[in-house]
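Computed from a predicted model, the values in this text were never measured in an experiment. Numbered from 1 within each chain, the chains take letters A, B, ... in sequence-line order.
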Amino acid sequence: MSTPNPADRVDTLERLLGDPEDVGNPLGYGPLLEADEADLMFAAGERALDDFGLNAEFVPSEYGGRLRGLDTFIGIMRAVYRRDPSLGLGYGFSSFIAGVNVWSAGDEDQCREAASLLLSGQRIAAAYHELAHGNDFAGTDCAAVRDASGRLLLSGRKEVVCNIQRSRALVVLARTAEGRGSRNHSQLLIDKAALPPETLVDLRRWPSVGMRGVQLGGMEFRDCPVPDSAVLGDEGQGTETALRSFQLTRIALPGMLCGVLDSGLRLAQRLAVERELYGAPVSALPTVRAQLADAFVDLLISDCATTVAARGVHLLTGQSSVHASAVKYQVSGHLMGAMDSLSAVLGANFYLREGRYGAFQKLLRDLKLAGFGHAARVACLVTMLPQMPVLARRGWTEGPEAPSEVFRPDVEVGALPFQRLSLFGRGRDSLLTALATGAERMAADGAAEGAEAAELRTLVGQLLDESEALRRECALLRPSDIGVDAPPEVLRLPARYAALLSASACLNVWLESGTRGDPALQDPAWLIAALHRLARGLGHAGVDDIGPVRERLYSQLAERYEAAESFDLSRRRLPS
Amino acid sequence: MTVPHLTPSALDEHLERSEPFTEPVQARLDEAEEFPAAACLELDRLGVPSYYVPQALGGWLGDYTDLIRVIRAVSRKDLTVAIAHVKTFLGGATSWVAAEESPAGRTGQQARALADRIVGGAVVSWALTEPGRGSDLRSGETFAEHTPSGYRLSGRKWPVNNATRSDLLTVLARTGAGNGARDFTLLLVDKDTLAGDGYEHLPKARTLGIRGADISGIAFDGALVPEGSTVGAPGAGFELVLKAFQLTRTICAGLSLGAADHALDVTWHFVRQRYLYGKALRGFPHVRAKFGELFAARHTVEALSMVAGRSVHALPEEMSVYSAVVKALVPEIVDDVVIGCGELLGSRAFLREELRSGSFQKLERDHRIVGIFDGNRYVNRQSLIRQFPRLGTCWRDGELRERGLHAAVDPNAPLPRDGRLRMISRTGCSLLQALPYAVDGLRAAGASPAAIRSARRVLDLCDRMHAGFVDDDTRTARIGAELFDTARSYELCVAASAVIHTFLTRVGRGDTDAEFDELCLRASLAFVLSRLEGRPGAREVYGAVADALEVHLGQADRLPSPMDEEELRR
Ligand SMILES: Cc1cc2nc3c(=O)[nH]c(=O)nc-3n(C[C@H](O)[C@H](O)[C@H](O)COP(=O)(O)OP(=O)(O)OC[C@H]3O[C@@H](n4cnc5c(N)ncnc54)[C@H](O)[C@@H]3O)c2cc1C
Ligand SMILES: Cc1cc2nc3c(=O)[nH]c(=O)nc-3n(C[C@H](O)[C@H](O)[C@H](O)COP(=O)(O)OP(=O)(O)OC[C@H]3O[C@@H](n4cnc5c(N)ncnc54)[C@H](O)[C@@H]3O)c2cc1C
């Protein structure tokens with residue numbers, strides 16, 4: 001099967017879905033808001049994604065699908081999230097999550113089974129969560145126990161799981177040994193159709209405030225007989241498989257959700273140019289322009305961080321565990337903060353569920369998932385913590401240099417290395433190291449000039465100081481500081497790391513953009529604004545007067561808006 | 001009066017047991033976008049509308065902090081109900097201002113008649129906004145043409161709270177051709193006298209929160225409003241609106257405080273009963289620190305709101321400052337408190353039926369409107385910025401209205417009854433201008449070195465900030481973005497001063513928990529500083545707050561609040 005290149009696929013999907021603001025578009029905001037109001041998945045949207053064959057994007061190319069680069073996958077999904085995050089999540093993100101676990105730990109038969117199921121347009125649910133245990137996987141009660149004849153019998157409940165009712169198959173995390181140890185759970189890939197129906201009982205639906213269309217259900221297993229061939233990998237390997245696989249999905253989720261901010265920005269800018277206030281467009285108010293510019297910067301930081309982390313999965317083998325949690329933490333903060341700030345720009349229009357800007361409030365509600373979904377933000381920090389001392393002692397001083405392709409979204413990466421995902425970076429971290437090497441390079445090639453070069457030097461200086469301080473503090477961490485009991489100052493350490501990682505991503509993406517003549521990215525305005533924002537968030541002074549840079553960024557945003565281009569790194573032409 | 005006087009705390013207790021205020025009922029109405037009629041009726045029955053009417057006109061409204069308390073008590077239960085009901089105070093406010101300025105004659109009579117209607121349960125709307133024109137009230141195009149028998153009114157007002165359900169509306173209409181302040185007049189429109197002629201209601205808007213509320217509009221098409229319906233003099237509309245804002249924007253604090261109470265109550269309960277990794281969430285240091293910080297945030301806005309409420313009486317000439325500070329800052333901080341609580345609640349802030357019938361996700365949506373209506377934060381910050389030059393001078397001169405300030409910060413001081421609202425405060429902000437003295441008093445009052453250090457940092461910042469208040473910046477039509485940041489800093493400094501003054505008045509009284517008071521002072525100042533300086537700062541103090549709360553409360557549910565205490569003591 002010939003697969004069109006990724007950029008063409010995004011364009012095809014964009015065209016298929018059309019301009020969401022076009023009132024005549026059956027796939028536009030009007031109809032999709034109606035579905036949202038009714039707590040329904042957007043049926044016309046799902047049909048369009050069926051036509052596009054979106055499920056093939058969840059299946060690795062070696063099994064007949066189109067999944068290769070993680071950043072490519074994110075880019076394609078962003079086209080859906082840009083319009084309707086519920087559709088993005090509810091159509092098949094759980095199929096993707098379940099799939100990743102299968103591709104990482106499953107045997108050839110299991111992979112083929114999952115692939116053929118997805119390629120035939122069916123769904124796999126990812127059933128991990130139980131209300132009683134939330135983020136605490138080790139508490140999982142749902143159990144698969146062998147009876148006298150040696151058969152595995154599954155019993156217990158999974159709750160608040162996307163698509164569990166309408167899926168054909170499930171990946172279930174189940175206890176296979178007593179206690180809280182890390183090797184007490186296994187993952188099972190089960191085909192609902194092959195099991196006695198009376199042993200699989202659907203629970204009620206959980207309605208939600210955002211992602212209203214998404215079908216959150218549950219299932220009670222009543223001594224459900226599961227064949228041994230359902231176990232993914234070895235028995236007892238379930239938690240590890242999940243945590244390894246979640247590296248990909250924790251990067252993908254915020255990466256896709258960047259589409260929400262992209263649309264939020266478009267709606268806010270639309271109001272700013274369309275609405276008149278005090279005898280001029282709202283956009284004439286400097287504070288409005290400043291807030292729009294800041295949100296634009298938040299989007300660029302988020303895109304740089306997730307794109308680089310996604311490419312790192314391919315190109316920095318084994319290092320991604322800490323990057324994934326960092327990105328999930330940092331980017332969710334930028335996205336939610338920016339949308340809150342834009343809501344203030346929209347004013348009363350943000351509060352209405354109808355009218356020209358009525359989609360904004362839905363995007364804002366849907367985005368809430370970024371905070372707690374697929375790991376609470378604080379759980380991400382706790383996950384990173386154990387690696388901090390090791391990285392401080394070695395990783396941030398002697399990390400192998402990152403290949404430049406990590407920072408070049410224009411270069412295609414190969415297939416995803418599912419088997420080489422590792423839970424521990426073994427003390428290597430090329431991404432934070434790249435902050436220092438990037439700084440040297442910036443000084444050496446003089447990519448910026450004059451006042452801008454000076455501002456960049458100031459900012460990078462502050463960030464390097466921070467990175468040095470962080471290294472010293474992390475090296476002093478004691479084992480007793482590390483764990484769910486960590487005090488807040490200790491949890492600040494991985495949070496600071498996450499900001500520095502994002503800074504490194506921005507700096508290096510900018511440096512590399514020079515080599516491919518992307519004028520939008522070459523202008524250092526966005527980089528100055530991004531580093532300023534990150535430095536300020538870390539308690540540094542940033543540059544003295546960010547005003548002019550903000551104004552320049554606002555003009556760039558206004559230009560993109562006029563030209564119907566996306567606000568993320570891709571600066572893609574959108575249907576209009 | 002036939003209904004007995006109801007104290008805010010009695011109201012609070014009553015609502016605790018009232019069927020229409022229970023969470024499942026609220027949830028059902030919210031889902032169905034149905035007006036909370038039973039709850040509003042209950043408030044009517046209890047006499048709450050009397051709180052919307054000044055005592056001089058036969059109501060119960062004396063001390064404005066009591067009105068804030070009443071609103072807070074209702075909001076804590078159900079913000080939709082509070083917003084729907086309290087709107088009548090907003091509808092009446094311009095009439096109260098007008099009557100205070102000229103109590104005799106027609107104006108006074110009209111206000112008394114309106115007062116009677118409100119006490120009797122009439123719903124009054126305040127119709128300022130027009131479609132597409134938002135905050136820019138001077139671009140309004142609702143015309144009131146003077147005719148021999150009164151006014152012929154045409155134009156659309158939207159969105160307006162209770163536009164459809166109301167019996168009367170106070171309408172801002174253009175009576176002049178220009179866009180000067182004197183081109184606008186307020187009309188008190190009684191739907192009864194229009195007898196269904198010349199107007200129609202615009203459909204209910206579908207909103208993110210307060211889904212049950214009647215957010216609709218009204219279109220006048222040559223409606224004939226009888227002579228004698230103007231509120232105050234013709235041409236006085238704008239000034240009356242701006243003065244009334246000084247009252248309405250101040251009492252909006254009650255909406256935010258109630259929302260914060262509700263959010264913190266739900267969260268406190270949750271972190272105590274939710275077990276993860278083998279223990280209750282409250283056992284995790286970061287959870288304790290986060291909760292302590294959220295509590296400190298509420299303590300800060302509570303202190304500010306109390307002082308601002310008392311200032312209506314004690315420093316009325318300075319209300320142009322306090323009302324703007326409150327309306328810009330309090331909803332913004334409380335939105336963040338709610339977000340912070342949501343972060344602790346995780347998916348339970350997202351699921352519509354989990355955890356107390358989803359009351360948290362409802363309150364989160366509901367509260368978002370508080371920062372938008374009745375003047376959003378920009379409008380309020382702009383009005384502060386315009387006063388910067390004067391505020392700078394008053395700071396340098398150490399201008400103080402001592403007696404007024406004393407009455408404003410000390411809940412035990414008698415409330416003065418003189419003075420009038422002014423468009424601009426000539427004496428700046430006495431509360432902030434007294435900060436240097438208050439900081440000097442901290443040591444003797446037993447404040448910890450950490451609190452004193454924080455207070456001094458706020459003071460230094462005030463010096464630097466005021467030095468930058470120059471005329472030219474604020475005269476321009478389009479104010480620079482940085483000045484809006486400065487306005488926020490200004491508000492935070494005023495809040496810090498309120499916190500410090502509140503602490504000082506409680507010292508040595510013997511009936512308060514001095515240690516806990518000091519902890520709240522320290523935590524609130526840490527909170528304000530972290531906002532002012534844009535970095536987290538030291539967080540140990542927040543954990544200590546959570547620890548103290550646990551000791552303080554035992555198994556009780558209600559988090560301590562100085563405002564509650566003051567009332568109970570009375
Ligand atoms: C739209 C949607 C789709 C979903 N889809 C699926 C799905 O397909 N499959 C599935 O299995 N589940 C799914 N879920 C469930 C989801 O995974 C859980 O809701 C999520 O894991 C979070 O659990 P919780 O919020 O209940 O948090 P809890 O774990 O109860 O956390 C509560 C709070 O405790 C604190 N906390 C949590 N962890 C830590 C830690 N490690 N250290 C310190 N503090 C901590 C945090 O403050 C957190 O907010 C979905 C949920 C939603 C809303
Ligand atoms: C639920 C609800 C109930 C309402 N109830 C009533 C009611 O009962 N009566 C009534 O009259 N109105 C009511 N309104 C209208 C409300 O008061 C106005 O919407 C509000 O005052 C501000 O208008 P806006 O949000 O449309 O913003 P706009 O004024 O249009 O402003 C748009 C954006 O421009 C910027 N901006 C505006 N002014 C400035 C400035 N001075 N400086 C810098 N930036 C600025 C801000 O970013 C703002 O968000 C209600 C609205 C809602 C949503």
Engineer: Out of B/Gly209, B/Gly342, B/Pro159, B/Gly134, which one racks up the most heavy-atom pairs below 4.5 Å with chain A?
Structural biologist: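 Top option by heavy-atom pairs under 4.5 Å: B/Gly209.
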Engineer: Measure A/Leu491 against the heavy atoms of chain B and call it side chain, backbone, both or neither at under 4.5 Å.
Structural biologist: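 Side chain only.
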Engineer: Using non-hydrogen atoms and a 4.5 Å limit, figure out which bit of A/Glu274 sits close to chain B: side chain, backbone, both or neither.
Structural biologist: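 Interface part for A/Glu274: neither.
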Engineer: Side chain, backbone, both or neither: which part of B/Arg539 has a non-hydrogen atom closer than 4.5 Å to chain A?
Structural biologist: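 Contact with chain A: side chain only.
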Engineer: Measure distances from B/Thr207 to the heavy atoms of chain A and classify the residue's part below 4.5 Å as side chain, backbone, both or neither.
Structural biologist: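 It is both, since atoms from each part get that close.
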Engineer: For B/Phe484, is it the side chain, the backbone, both, or neither that has a heavy atom closer than 4.5 Å to a heavy atom of chain A?
Structural biologist: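 Interface part for B/Phe484: side chain.
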Engineer: Heavy-atom cut-off 4.5 Å, strictly under: side chain, backbone, both or neither for B/Glu364 against chain A?
Structural biologist: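 Only the side chain of B/Glu364 comes within 4.5 Å of chain A.
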Engineer: Name the region of B/Glu343, side chain, backbone, both or neither, that has any atom closer than 4.5 Å to a heavy atom of chain A.
Structural biologist: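 Only the side chain of B/Glu343 comes within 4.5 Å of chain A.
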Engineer: Using non-hydrogen atoms and a 4.5 Å limit, figure out which bit of B/Arg274 sits close to chain A: side chain, backbone, both or neither.
Structural biologist: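 Looking at B/Arg274, just its side chain touches chain A.
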Engineer: Taking the side chain as every heavy atom from C-beta outward, state whether B/Tyr378 and A/Val288 have any atom pair closer than 4.5 Å.
Structural biologist: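 Not touching, per the 4.5 Å side-chain cut-off.
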Engineer: Heavy atoms only, distances under 4.5 angstrom: which of B/Phe284, B/Tyr275, B/Phe373 has the most pairs with chain A? Name it, please.
Structural biologist: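 Among B/Phe284, B/Tyr275, B/Phe373, the one with the most close pairs to chain A is B/Phe284.
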Engineer: Checking heavy atoms, do the side chain of B/Glu293, its backbone, both or neither come under 4.5 Å from chain A?
Structural biologist: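 Neither; nothing under 4.5 Å.
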Engineer: For a quick test of reading the model, state the closest non-hydrogen atom pair linking B/Arg206 to A/Glu354 and the distance between them.
Structural biologist: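 In this case the closest contact between B/Arg206 and A/Glu354 is N-OE2, 3.1 Å.
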Engineer: Quick check on B/Ile372 against chain A: is it the side chain, the backbone, both or neither that has a heavy atom closer than 4.5 Å?
Structural biologist: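 Only the side chain of B/Ile372 comes within 4.5 Å of chain A.
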Engineer: Below 4.5 Å from any heavy atom of chain A, which atoms of B/Glu533 appear? Answer side chain, backbone, both or neither.
Structural biologist: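 When you check distances to chain A, no heavy atom of B/Glu533 falls under 4.5 Å.
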Engineer: Tell me, for B/Arg288 versus chain A, whether the close heavy atoms (under 4.5 Å) come from the side chain, the backbone, both or neither.
Structural biologist: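 For B/Arg288, there is no contact with chain A at all, as no heavy atom is under 4.5 Å.
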Engineer: Under 4.0 Å between a side-chain nitrogen and a carboxylate oxygen: does that hold for A/Asp136 and B/Lys279?
Structural biologist: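 B/Lys279 and A/Asp136: not salt-bridged.
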Engineer: Using non-hydrogen atoms only, which part of A/Asn135 is less than 4.5 Å away from chain B: side chain, backbone, both, or neither?
Structural biologist: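 For A/Asn135, backbone and side chain are both near chain B.
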Engineer: So which part of B/Ile339 gets closer than 4.5 Å to some heavy atom of chain A, the side chain, the backbone, both or neither?
Structural biologist: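 Side chain only.
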Engineer: Do A/Gln361 and B/Arg365 make a side-chain contact, defined as non-hydrogen atoms from C-beta onward lying under 4.5 Å apart?
Structural biologist: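 A/Gln361 vs B/Arg365: side chains apart.
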Engineer: Side chain, backbone, both or neither: which part of A/Met336 has a heavy atom under 4.5 Å from chain B?
Structural biologist: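 It is neither, since no heavy atom gets under 4.5 Å.
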Engineer: Where does A/Ile546 contact chain B at under 4.5 Å (heavy atoms): side chain, backbone, both or neither?
Structural biologist: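 The answer is neither part of A/Ile546.
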